[in-house]
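Side chains included, hydrogens not; waters and symmetry mates left out as well; all remaining heavy atoms used. Computed from a predicted model, the values in this text were never measured in an experiment. This chain uses plain numbering: 1 for the first residue, then up along the sequence. Start at 1 and go down the list; that is how both ligands and their atoms are numbered.
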Amino acid sequence: VRQDGTVNILGGKKVAVVFVLGGPGSGKGTQCSNIVEHFGFTHLSAGELLRSEIKSGSENGTMIDSIIKEGKIVPSEITVKLLQEAMIKSENDKFLIDGFPRNQENRLSFENVIKISPEFVLFFDCSEEELVRRLLGRNQGRADDNIETIRKRFRVFEESSLPVVQYYDSKGKVKKVHISPGNDSVFLYNPATYS
Ligand SMILES: Nc1ncnc2c1ncn2[C@@H]1O[C@H](COP(=O)(O)OP(=O)(O)OP(=O)(O)O)[C@@H](O)[C@H]1O
Ligand SMILES: O=c1ccn([C@@H]2O[C@H](COP(=O)(O)O)[C@@H](O)[C@H]2O)c(=O)[nH]1
Ligand SMILES: [Mg+2]
């Protein structure tokens with residue numbers, strides 16, 4: 001705690017954050033890898049951090065595993081702590097945060113704990129039909145890439161995650177990207193993909 005009463009959340013580091021949102025399978029991870037290569041951000045996937053927690057055998061692992069299989073959202077304090085630790089550990093000061101905030105509670109928790117607002121939000125838009133095709137073809141052994149969980153994830157996305165996108169849109173912070181079906185060559189520096 002500093003003398004002025006504010007909390008030194010990230011070890012005194014000033015950081016820039018971009019949130020990357022979009023439906024399950026919309027290409028968040030794929031595009032973040034592209035952006036990292038060209039723009040020097042560090043990619044933090046909230047989903048990957050949670051899956052690593054499961055693999056590490058942490059005390060929350062079993063609970064996280066069953067929430068992910070149900071397509072639901074892990075309690076904010078767990079995800080925000082993992083993101084905070086990763087940001088502190090990194091030497092970079094520019095972060096792409098992929099798949100978070102997943103609901104308004106996530107957003108408020110990040111704002112209250114980390115005390116940073118995103119520079120902007122990238123939002124990938126794609127039809128559900130195309131998303132199902134991609135997720136069932138992903139073949140990375142993910143426990144949530146099955147049609148039952150996919151349907152649940154779509155519902156949670158519409159009910160809980162879209163309001164976060166709408167919130168940031170009302171602040172003028174959303175950059176919506178049309179990810180054309182089957183177009184692997186879409187990349188963010190192509191102005192034709194922006195609305
Ligand atoms: N523009 C694209 N056109 C066709 N296939 C794509 C495109 N972008 C990504 N894919 C493929 O779709 C699948 C899902 O992509 P990716 O894992 O990047 O999505 P995601 O948004 O991170 O999904 P999740 O929310 O489930 O983590 C992958 O197999 C990827 O190769
Ligand atoms: O902030 C988050 C991010 C993810 N989850 C859970 O993980 C899965 C998979 O996430 P991906 O971003 O698609 O890799 C997601 O369906 C949630 O169950 C979360 O709870 N909170
Ligand atoms: Mg992903």
Side-chain angles (χ1 to χ4, degrees), residues 17 19-37 43-55 60-87 95-111 113-114 118 121-162 164-165 177-188 190 192-193:
V17 160
F19 289 142
V20 182
L21 300 176
S26 56
K28 300 180 293 297
T30 305
Q31 296 297 348
C32 283
S33 302
N34 288 335
I35 298 168
V36 162
E37 249 181 66
H43 173 203
L44 297 179
S45 157
E48 285 300 331
L49 290 169
L50 291 167
R51 285 186 284 277
S52 298
E53 270 300 279
I54 300 171
K55 280 197 209 112
N60 288 322
T62 316
M63 185 248 290
I64 296 171
D65 189 40
S66 53
I67 290 176
I68 287 181
K69 283 180 181 144
E70 276 301 305
K72 293 184 178 158
I73 298 169
V74 172
S76 298
E77 62 268 24
I78 294 178
T79 318
V80 170
K81 187 162 172 276
L82 291 172
L83 289 168
Q84 184 182 16
E85 285 168 357
M87 282 194 272
F95 297 96
L96 282 175
I97 299 192
D98 155 6
F100 179 95
R102 222 76 179 189
N103 59 15
Q104 297 279 46
E105 196 224 334
N106 275 179
R107 177 179 69 73
L108 287 167
S109 173
F110 188 88
E111 280 174 11
V113 175
I114 313 281
V121 176
L122 284 178
F123 171 54
F124 298 138
D125 195 22
C126 196
S127 72
E128 276 195 12
E129 192 191 1
E130 168 68 7
L131 297 182
V132 172
R133 193 185 67 76
R134 290 186 194 176
L135 291 169
L136 292 179
R138 179 156 56 182
N139 249 343
Q140 288 175 1
R142 275 180 51 164
D144 52 354
D145 279 350
N146 59 79
I147 195 64
E148 292 77 24
T149 311
I150 289 169
R151 294 275 170 232
K152 291 177 186 165
R153 296 175 73 204
F154 283 158
R155 217 168 310 131
V156 168
F157 175 71
E158 271 175 19
E159 287 169 5
S160 304
S161 308
L162 274 181
V164 176
V165 178
V177 183
H178 302 283
I179 301 276
S180 336
N183 183 4
D184 267 319
S185 65
V186 169
F187 184 40
L188 299 172
N190 176 358
T193 63

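The pair Lys152-Glu148 fails the salt-bridge criterion, with no side-chain N (NZ, NE, NH1 or NH2) lying under 4.0 Å from an Asp/Glu carboxylate O. Using a 4.0 Å cut-off between charged nitrogen and carboxylate oxygen, Glu158 and Arg155 do not count as a salt-bridge pair. Of the charged side-chain nitrogens involved, none lies within less than 4.0 Å of a carboxylate oxygen, so that Arg133 and Glu129 do not count as a salt-bridged pair.
In summary, the atoms of ligand 2 found under 4.0 Å from a heavy atom of Ile73, numbered by their order in the structure, are 20 (O). Taking a cut-off of under 4.0 Å to the non-hydrogen atoms of Gly99, the atoms of ligand 2 that pass are 1 (O), 2 (C), 3 (C). Residue Pro24 approaches ligand 1 through these ligand atoms, each under 4.0 Å from one of its heavy atoms: 25 (O). In the vicinity of Arg153, heavy-atom distances shorter than 4.0 Å reach the ligand 1 atoms 24 (P), 25 (O), 26 (O). Under a 4.0 Å criterion applied to the non-hydrogen atoms of Thr30, ligand 1 contributes the atoms 9 (C), 15 (O), 16 (P), 18 (O), 30 (C). Distances below 4.0 Å separate heavy atoms of Arg142 from the following atoms of ligand 2: 9 (C), 11 (P), 13 (O), 14 (O). Close approach to Thr79 involves these atoms of ligand 2, each under 4.0 Å from a residue heavy atom: 1 (O).
Not one N or O of Asp98 is nearer than 3.5 Å to an N or O of ligand 2, by distance alone. Residue contacts with ligand 1: Lys28 is placed with a nitrogen or oxygen under 3.5 Å of a nitrogen or oxygen of the ligand (distance criterion only). By the 3.5 Å distance cut-off applied to N or O atoms, Gly27 is counted among the residues near ligand 1.
The line from CG of Leu50 to OG of Ser45 is 8.0 Å long, rounded to the nearest 0.5 Å. Note that CD of Glu130 is 9.5 Å distant from CG of Leu135, once rounded to the nearest 0.5 Å. Atoms CD and CG, from Gln84 and Leu82 in turn, are 10.0 Å apart once rounded to the nearest 0.5 Å. In this structure, CG in Leu83 is found 9.0 Å from CG in Asn106, a value given to the nearest 0.5 Å.
Using a 4.0 angstrom heavy-atom cutoff, Ser26 counts as in contact with ligand 1. Within the 4.0 Å heavy-atom shell around ligand 1 one finds Leu135. For Gly47, the heavy-atom gap to ligand 1 stays at 4.0 angstrom or more. Heavy-atom separations between Arg51 and ligand 2 include at least one value shorter than 4.0 Å. Ligand 1 has no atom lying under 4.0 Å from any heavy atom of Gly22.
In this structure, of Arg102, Lys28, Glu48, the residue bringing a heavy atom nearest to atom 11 (P) of ligand 2 is Arg102. With atom 5 (N) of ligand 2 as the reference point, the heavy atom nearest to it among Leu21, Val74, Leu50 is part of Leu50. Atom 22 (O) of ligand 1 has its nearest heavy-atom neighbour, among Gly25, Gly99, Cys126, Gly29, in Gly29. Atom 11 (C) of ligand 1 has its nearest heavy-atom neighbour, among Arg138, Arg142, Arg134, Glu48, in Arg134.
Here Gln31 has no heavy atoms under 4.0 Å from ligand 1, in either its backbone or its side chain. With a heavy-atom cut-off of 4.0 Å, Gln140 does not touch ligand 1 at all. With a 4.0 Å cut-off on non-hydrogen atoms, Asn139 does not touch ligand 1 at all.
For the salt bridge (charged side-chain N to carboxylate O under 4.0 Å, His left out) criterion with Asp144, the lone passing option out of Lys69, Arg153, Arg151 is Arg153.
For atom 18 (O) of ligand 2, the closest non-hydrogen atom on the protein side is Lys72 O, 2.6 Å. For atom 16 (O) of ligand 2, the closest non-hydrogen atom of the protein is Arg153 NE, 3.2 Å.
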*Kindly determine whether Met63 and Ile78 satisfy side chain to side chain contact (heavy atoms under 4.5 Å, CB included), including the steps that lead there.*
CA-CA 11 Å; Met63 185 248 290; Ile78 294 178; 3.5 Å; yes
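Counting heavy atoms from C-beta outward, Val74 and Glu53 have side chains that stay 4.5 Å or more apart.
Considering every non-hydrogen atom in both Gly71 and Val156, the closest pair reads O-CG2, 3.4 Å. Of all the heavy atoms in Arg134 and Cys126, the pair that sits closest is NH2-SG, 3.8 Å.
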